[in-house]
Amino acid sequence: MSKHSGKCCGCMACLYVCRKQCITVKNDKIGNFHKVIDKTECVACGRCERVCPMVSAIPYNYPQSAYIAY
């Protein structure tokens, strides 16, 4: 997840899904979020990357047709 740290949207989903609680979030001078991962506690389970909307693609299953009535 550290390779995607510049894409943080601030949802904090990675923070809440981490079982080991090894992720902290820091703000820089202009307010951007940066994740700090404690590598000694991290077990590389990948849960943080799977839950992140900026890293993993969210499938959109919209209907291909629409019906309008008046």
Side-chain angles (χ1 to χ4, degrees):
M1 189 156 173
S2 59
K3 63 183 172 184
H4 302 291
S5 62
K7 296 183 178 182
C8 184
C9 68
C11 69
M12 308 299 170
C14 60
L15 198 77
Y16 300 121
V17 79
C18 182
R19 289 183 184 172
K20 293 293 202 172
Q21 298 177 349
C22 61
I23 302 174
T24 56
V25 178
K26 306 281 183 182
N27 289 358
D28 63 3
K29 293 178 185 176
I30 58 174
N32 292 331
F33 296 104
H34 297 282
K35 291 165 284 305
V36 179
I37 301 172
D38 184 7
K39 298 290 185 182
T40 60
E41 294 290 323
C42 182
V43 293
C45 64
R47 292 181 68 172
C48 55
E49 289 185 351
R50 286 192 301 270
V51 77
C52 182
M54 302 302 286
V55 175
S56 61
I58 301 171
Y60 294 106
N61 296 325
Y62 292 112
Q64 296 298 321
S65 61
Y67 301 98
I68 300 173
Y70 179 74

Quick check on the hydrophobic clustering: are Phe33 and Ile23 connected, directly or via other members, by side-chain heavy-atom contacts under 4.5 Å?
yes

Residue pair Asp28 / Asn32: nearest heavy atoms and the distance that separates them
OD1-N, 2.7 Å

Does Lys26 have any side-chain contact (heavy atoms from CB on, under 4.5 Å) partners at least two apart in sequence or in another chain, and if so, which?
Thr24, Val36

For the SG atom of Cys52 and the CZ atom of Arg50, what is their distance to the nearest 0.5 Å?
12.5 Å

Could you see if Val17 belongs to whatever hydrophobic cluster contains Met12? Use Ile, Leu, Val, Met, Phe, Trp, Tyr and a side-chain cutoff under 4.5 Å.
no

Could you go step by step and tell me if Cys14 and Lys35 meet the side chain to side chain contact (heavy atoms under 4.5 Å, CB included) rule?
CA-CA 9 Å; Cys14 60; Lys35 291 165 284 305; 3.5 Å; yes

Check side-chain hydrogen bond (donor to acceptor under 3.5 Å, both in side chains) between Asn27 and all other residues, then give those that pass, not counting sequence neighbours.
none

Could you work out, with side-chain contact (heavy atoms from CB on, under 4.5 Å) as the rule, every residue matching Cys22, not counting sequence neighbours?
Cys18, Lys20, Ile37, Asp38, Glu41, Cys42

